[in-house]
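Quick note: residue numbers are just sequence positions, from 1. As the structure is a prediction and not an experimental result, all values here were calculated from the model.
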Amino acid sequence: MIKRELYMKQIRPFIGTELIKVLTGMRRSGKSVMLELIQAELIEQGISPSQFIYLNFENMSNAKFCTSSALHDEICRQIAFMENKAYLFFDEIQEVENWEKCINSFRLEFDCDIYITGSNAKLLSGELATYLAGRYVEFIIYPFSFAEFLDMNQQIQPSINTATVFRQYLQLGGMPFLTNILNNENACNQYLKDVYNSVVLKDIIKRNHIRDVDLLERIITYILANIGQTFSASSITKYFKNENRRVSHDTIINYLKACQDAFLFYKVSREDLIGKRILSVNEKYYVVDHGLREAIYGQNHRDINQILENIIFMEILRRGYTVTIGKSGTKEIDFVCSKNGQKIYIQVSYLLASPETINRKFGVYDSIRDHYPKYVVSMDEFDMSQNGIRHYNIRDFILKENWD
């Protein structure tokens, strides 16, 4: 098990404080392991494990605590035997009815430090915003980055080549459990399909009461096929119309929103860099883990440009940037990334194999007159930096500690 220091650095300052620590992210992305890492951190600080109370609400043995009153009674019973501060860990808290009231009550009643996880973006909306406004801090947990995937591989095979691991990462993605079965490709594919089915069934269909499952699966397949491509809900509606199936615009939007709430897809808006405004049409979508795309849709190697772009996009999110697609006249910049008042620009390509490709990827920056860092990343092994625009091999770029 790796320590996932990227997240621990964010969480560490809040350990022991009265703020409720909320870990969200797609199912099986490593949230439960993060709770274990936090517990290990507390033990290093001298906290006794006897002060921990941990409940996973996907465990059937805890089904009896899946109402706010039952959970409240159980925690009151356990805390009654504690003399010191209690540390409460609740995994997949969304399974508990009216959990917001219960968590807020613990915060008020007891000397405790609370950590919760959930697999839906709506976890922190609605009633929770009322009960816990200003009293929680959220951390989004993503599947393994390439750096984490490489770390796990090197723990197993210390001498393994970075390029070899990256080829494996291109196909399998970064779902944490895969590092236990890397030598069995069939098992990896089966696991990824099971993760996908679990997300679709539990976090999309069941939670949103979706009846037309076939339509949902067709929409998901369409998005997977068009990762990183510009389109709109209207274009999906037209696609289905051409297949002699009538689907309303609102239904498409609702199904896409349900997929986003389950952290399966991320939508990215386009930004007019000259007019300095967000464009309301033709967004792009990326999948939380490109390994899921390979397992469900396949063709990652054929669509290598899309996959590399997806990998970079997810790395941008992990590093805490907000991101848009940049439009400059008739040209487009893959990613415009902002954080703490600073920007970086990133262009992604498979190979800079021709003068035309080089000119297209580097030339788009000609109209951008600011002095923020501008990058072109590709699979090329040779440095092609020019005119102040830095070129990196994609492996080196996503392993680079700082992009500023």
Side-chain angles (χ1 to χ4, degrees), residues 24-28 94 118-123 125-126 173 189 192-272 277-307 309-310 313-314 317 323-325 327 330 332 334:
T24 57
M26 194 188 73
R27 190 176 294 272
R28 302 193 204 175
Q94 75 274 355
S119 299
N120 194 279
K122 290 182 179 178
L123 193 74
S125 63
N189 287 331
L192 289 169
K193 289 176 181 177
D194 289 345
V195 170
Y196 168 81
N197 290 331
S198 180
V199 170
V200 170
L201 178 62
K202 295 183 179 180
D203 298 323
I204 301 178
I205 295 173
K206 182 179 177 182
R207 186 160 296 281
N208 295 278
H209 309 291
I210 289 175
R211 294 182 179 179
D212 195 339
V213 176
D214 178 68
L215 175 61
L216 173 67
E217 291 180 340
R218 285 172 178 266
I219 291 172
I220 291 175
T221 301
Y222 182 92
I223 302 298
L224 290 174
N226 290 279
I227 287 298
Q229 305 298 315
T230 303
F231 60 86
S232 64
S234 296
S235 63
I236 302 178
T237 303
K238 291 177 182 177
Y239 167 78
F240 282 114
K241 185 177 180 180
N242 291 335
E243 294 201 338
N244 298 316
R245 179 162 187 170
R246 289 190 173 275
V247 183
S248 74
H249 184 267
D250 288 345
T251 298
I252 298 291
I253 290 176
N254 290 336
Y255 281 19
L256 287 173
K257 184 64 167 62
C259 292
Q260 292 173 71
D261 287 340
F263 299 101
L264 180 60
F265 295 128
Y266 290 86
K267 181 174 73 172
V268 188
S269 297
R270 295 164 70 235
E271 176 185 4
D272 185 341
R277 60 191 177 91
I278 299 298
L279 304 175
S280 59
V281 295
N282 294 335
E283 303 94 350
K284 292 187 178 184
Y285 285 82
Y286 296 93
V287 64
V288 66
D289 183 78
H290 58 281
L292 291 173
R293 182 188 192 272
E294 174 64 21
I296 304 306
Y297 179 72
Q299 305 184 48
N300 272 9
H301 288 290
R302 190 197 72 175
D303 301 329
I304 187 67
N305 271 310
Q306 293 172 257
I307 300 309
E309 201 171 300
N310 203 106
F313 172 76
M314 291 307 302
L317 293 190
V323 57
T324 59
I325 309 302
K327 182 178 180 297
T330 59
E332 189 171 270
D334 291 331

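From I204, atom CD1 reaches atom CD of Q260 across 10.5 Å, with rounding to the nearest 0.5 Å. Atoms CD and CD, from E271 and E332 in turn, are 11.5 Å apart once rounded to the nearest 0.5 Å. Expressed to the nearest 0.5 Å, how far OH of Y266 lies from CG of N310 amounts to 11.0 Å. One finds the CG atom of D194 at 6.5 Å from the CZ atom of R28 (value rounded to the nearest 0.5 Å). A distance of 15.0 Å separates NZ of K267 from NZ of K284, quoted to the nearest 0.5 Å. Taken to the nearest 0.5 Å, the CD atom of E283 stands 9.0 Å off from the CZ atom of R270.
Within the 4.5 Å cutoff, the side chain of M314 has heavy atoms near those of the V288 side chain. At least one side-chain heavy atom of I236 sits under 4.5 Å from a side-chain heavy atom of I223. Under the 4.5 Å side-chain criterion, counting only non-hydrogen atoms from C-beta, L292 is in contact with M26. Inter-residue side-chain proximity for T221 and Y297 is flagged as met; some heavy-atom pair is nearer than 4.5 Å. Residues D214 and R245 meet the side-chain proximity criterion, which asks for heavy atoms closer than 4.5 Å. Using a 4.5 Å heavy-atom threshold, the side chains of I220 and Y196 count as touching. N208 is not listed as a side-chain neighbour of Y255, based on a closest heavy-atom distance of 4.5 Å or more. Inter-residue side-chain proximity for I227 and R293 is flagged as met; some heavy-atom pair is nearer than 4.5 Å.
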(Q) What verdict does the side chain to side chain contact (heavy atoms under 4.5 Å, CB included) test give for S232 and T237, after you've listed the backbone C-alpha separation in whole Å, the side-chain angles of each residue and the deciding distance to 0.1 Å? (A) CA-CA 9 Å; S232 64; T237 303; over 6 Å; no

Q. Is there a side chain to side chain contact (heavy atoms under 4.5 Å, CB included) between V199 and F263 once you walk through the steps?
A. CA-CA 9 Å; V199 170; F263 299 101; over 6 Å; no

Q: Go through D334 and F313 one step at a time and tell me if the side chain to side chain contact (heavy atoms under 4.5 Å, CB included) criterion holds.
A: CA-CA 9 Å; D334 291 331; F313 172 76; over 6 Å; no

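The two residues A258 and I210 have their closest heavy-atom pair at CB-CD1, 4.4 Å. Across all their heavy atoms, N120 and A262 have their closest contact at ND2-N, 4.4 Å. Residue I252 comes nearest to A233 through the heavy atom pair CG2-CB, 3.8 Å, listed as atom of the first residue, atom of the second, then distance. Heavy atoms only, all atoms of each residue included: H290 and I307 are closest at CD2-CG2, 3.8 Å. Here the closest non-hydrogen pair linking L192 and G291 is CD1-O, 3.5 Å. Nearest heavy atoms, V195 versus R27: CG1-O, 4.2 Å.
Ring centroid separation for the pair F231 and Y222 comes in under the 6.0 Å cut-off.
At distances below 3.5 Å, not a single donor-acceptor pair connects side-chain atoms of E294 with backbone N or O atoms of H301.
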